[in-house]
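Per chain, numbering begins at 1; letters A, B, ... match sequence-line order. As a basis for the values below, the full set of heavy atoms in this structure was taken, side chains included, without hydrogen atoms, waters or symmetry mates.
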Number of protein chains: 2
Amino acid sequence: MKEQNTKRAYHHGDLRVTLLEAAKALMAEAGIEGLSLRKLADKVGVSRTAPYHHFKDKNELLCAIAAEGFEHWHTLADEILAKTHLSPKARYREFVYEYIRYASENPEMYDLMFGRTIWKQNTATDALKNVAFPSFQYQVTMTKKWQEQGIMPKEEDPLRLAQVTWGTIHGIARLLIDGIYADTSHIDEMCETVVNLFIQDK
Amino acid sequence: MKEQNTKRAYHHGDLRVTLLEAAKALMAEAGIEGLSLRKLADKVGVSRTAPYHHFKDKNELLCAIAAEGFEHWHTLADEILAKTHLSPKARYREFVYEYIRYASENPEMYDLMFGRTIWKQNTATDALKNVAFPSFQYQVTMTKKWQEQGIMPKEEDPLRLAQVTWGTIHGIARLLIDGIYADTSHIDEMCETVVNLFIQDK
DNA sequence: CATAAATCTTGACAGCGTCAAAATAACCTC
DNA sequence: GAGGTTATTTTGACGCTGTCAAGATTTATG
């Protein structure tokens with residue numbers, strides 16, 4: 001009985017996918033720093049260097065994880081924007097809530113996707129860039145739409161406005177997952193304040 | 001010839017201060033991750049374990065560095081707020097610019113002060129908390145003042161408003177120092193957009 | 001079936017934080 | 001000043017990390 005996936009089943013049987021799944025789980029519980037290739041290999045039941053035949057190094061593994069995170073995140077964002085039965089303002093509110101919720105429920109993944117581990121050293125793989133850059137650009141696209149819908153000021157440059165509004169929810173998300181804002185019970189009120197400040201009366 | 005500092009000159013001559021200075025320099029050029037106790041000891045010219053008699057572990061060294069950062073940062077903020085010859089709006093503008101400038105010129109220090117390294121694991125020393133918490137609280141105090149001066153909406157709860165406005169400049173700072181916004185030439189325009197969005201016509 | 005390629009393992013190395021024990025230097029009291 | 005205490009520093013060691021090299025094993029290919 002052997003599987004027939006994208007990669008064929010050799011000794012292990014699609015070790016790459018197994019590693020990615022285990023890595024996400026390990027990262028979620030031990031953090032990015034706590035995710036070591038050796039612990040990962042041990043968890044999966046292979047030798048220390050086995051992962052090196054599927055990922056060039058640790059960075060490439062992290063990029064692969066982040067890429068999956070972006071794909072997941074992108075579908076979540078799309079779902080909200082598809083709720084056309086809601087008013088633009090209500091949709092934006094939901095987007096803000098969902099953004100903060102995603103970050104606080106997946107702090108390590110969020111940190112990997114939007115943090116310095118990958119981007120500061122400029123070590124993103126092409127595969128990651130191909131999903132991450134559109135996600136960044138997505139913020140600008142949505143902002144333009146919000147301006148057209150009249151809930152955000154039309155006179156502001158879309159790029160600048162996107163940078164600031166995204167910066168706001170990103171900043172709040174970071175303060176939460178980095179442990180500066182310990183009190184997560186205030187999340188709702190913070191989101192509401194964001195909407196109050198940025199959204200012009202519908 | 002021996003110095004007479006807070007700590008007396010033993011074998012080395014105030015190793016603690018020397019370590020802190022070298023650690024700040026090493027961190028600035030190699031990053032928080034690149035700062036190792038062994039390299040630090042080597043740079044200063046002592047054995048690997050010598051620093052352990054002045055700092056319990058690496059975390060305590062990092063906390064000491066961060067504490068100095070907060071003190072420096074606090075004096076910078078105070079200077080701006082003391083410029084009473086400027087209008088409240090102009091002062092806020094300068095505060096935003098200065099905040100982003102400080103972060104982008106001292107990215108590693110900013111990351112240490114406001115990042116997850118220390119706060120997420122909840123390993124801050126009491127000495128650090130004593131300077132950091134007032135700095136956090138400072139944001140709320142200033143926000144209240146801005147509300148009283150009529151440049152920020154009075155109807156918003158001061159704490160929430162502070163969290164969101166601080167979150168905004170913190171988020172932009174993070175996007176810059178983490179390498180998401182590579183283009184630092186847009187800093188001025190982003191700051192201006194922040195002021196436009198948050199400040200009510202003077 | 002034989003050769004090539006992919007996959008996995010064992011061995012090894014340097015770097016890291018940190019503990020234990022020993023060595024050294026300064027201080028303090030008598 | 002002498003002797004003992006304390007502060008400081010060093011050497012040795014351990015386990016953890018990422019990663020390379022070389023060999024072994026399994027699968028694919030011609």
Side-chain angles (χ1 to χ4, degrees), chain A residues 1-20 22-23 26-27 29-66 108 112 117-118 120-121 123 125, chain B residues 1-20 22-23 26-27 29-66 108 112 117-118 120-121 123 125:
Chain A
M1 173 211 141
K2 59 174 65 174
E3 320 171 68
Q4 191 67 11
N5 281 356
T6 315
K7 291 266 171 185
R8 264 71 129 277
Y10 286 97
H11 308 100
H12 176 275
D14 225 343
L15 180 57
R16 190 180 203 277
V17 174
T18 309
L19 284 171
L20 267 176
L26 191 52
M27 182 181 74
E29 71 184 39
I32 298 179
E33 295 304 302
L35 167 60
S36 85
L37 289 179
R38 295 173 103 107
K39 269 190 288 189
L40 174 61
D42 200 54
K43 193 175 181 180
V44 168
V46 293
S47 74
R48 311 143 242 150
T49 57
Y52 281 87
H53 293 94
H54 300 274
F55 304 97
K56 191 178 125 285
D57 51 22
K58 187 178 182 179
N59 174 70
E60 217 172 88
L61 171 67
L62 292 177
C63 286
I65 297 173
E108 300 298 331
L112 187 63
T117 308
I118 289 175
K120 190 204 154 201
Q121 275 87 17
T123 55
T125 60
Chain B
M1 175 210 136
K2 60 174 62 175
E3 319 172 66
Q4 191 67 7
N5 281 356
T6 314
K7 292 266 174 185
R8 266 70 130 279
Y10 286 97
H11 308 99
H12 175 276
D14 226 342
L15 181 57
R16 189 179 204 275
V17 174
T18 308
L19 284 171
L20 267 176
L26 191 52
M27 182 182 76
E29 70 183 41
I32 298 179
E33 295 305 302
L35 166 61
S36 85
L37 288 179
R38 295 173 103 107
K39 269 189 288 187
L40 174 62
D42 200 55
K43 193 176 182 181
V44 168
V46 294
S47 75
R48 311 146 241 147
T49 57
Y52 281 86
H53 293 92
H54 301 274
F55 303 97
K56 191 178 126 284
D57 51 22
K58 188 178 181 178
N59 174 69
E60 216 172 89
L61 171 67
L62 292 177
C63 286
I65 297 174
E108 300 299 331
L112 186 63
T117 308
I118 289 176
K120 190 204 155 201
Q121 275 86 18
T123 54
T125 60

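Across all non-hydrogen atoms, the minimal contact from Phe55(B) to Arg16(B) is CE2-NH2, 3.5 Å. Closest approach of Val44(B) to Thr18(B), counting heavy atoms only: CG1-CG2, 4.0 Å. Shortest non-hydrogen contact noted between Tyr52(B) and Asp57(B) is CE2-CA, 4.1 Å.
When the P atom of dG17(C) is taken as reference, atom NZ of Lys39(B) falls 9 Å away, rounded to whole Å. Atoms CD1 (Ile32(A)) and C1' (dT17(D)) sit 17 Å apart, rounded to a whole Å. For the pair Asp42(A) CG and dT17(D) C1', the interatomic distance rounds to 14 Å; values are reported in whole Å. Atom-to-atom, CD of Glu60(A) to C1' of dG18(D) comes out at 14 Å; the value is rounded to the nearest Å. Nucleotide dG12(D) holds its P atom 18 Å from the OH atom of Tyr52(B), rounded to whole Å. Here dT18(C) presents its P atom at 6 Å from CG of Leu37(B), a figure rounded to the nearest Å. Taking atom CG of residue Leu61(A) and atom P of nucleotide dT17(D), one finds them 14 Å apart after rounding to whole Å. Rounding to whole angstrom units, CZ of residue Arg48(A) and C1' of dA21(D) are separated by 13 Å.
By the 6.0 Å contact criterion, NZ on Lys56(B) is open, its count of non-hydrogen atoms from other residues, nucleotides or ligands being 12 or less.
When distances run from any side-chain atom of Ala50(A) to the nucleotides dT18(C), dT10(D), dC8(C), the shortest one goes to dC8(C). Listed candidates were dT7(C), dG17(C), dT17(D). Nearest to the side chain of Arg38(A) is dT17(D). Nearest nucleotide to the side chain of Thr49(B), out of dT10(C), dG12(D), dA12(C): dG12(D).
Note on Lys56(B): nothing from the nucleic acid sits closer than 4.0 angstrom, heavy atoms only. Among the atoms of the strands shown, base atoms are found under 4.0 Å from some heavy atom of Ser47(B).
Side-chain nitrogen and oxygen atoms of His54(B) include none within less than 4.0 Å of the OP1 or OP2 phosphate oxygen of dA7(D).
For His53(A) and Leu35(A), each mapped to the nucleotide of DNA chain D holding its nearest heavy atom, the one lying further toward the 5' end belongs to Leu35(A).
Using modelled atom types, one side-chain atom of Glu108(B) and one backbone atom of Ile32(B) make a donor-acceptor pair closer than 3.5 Å.
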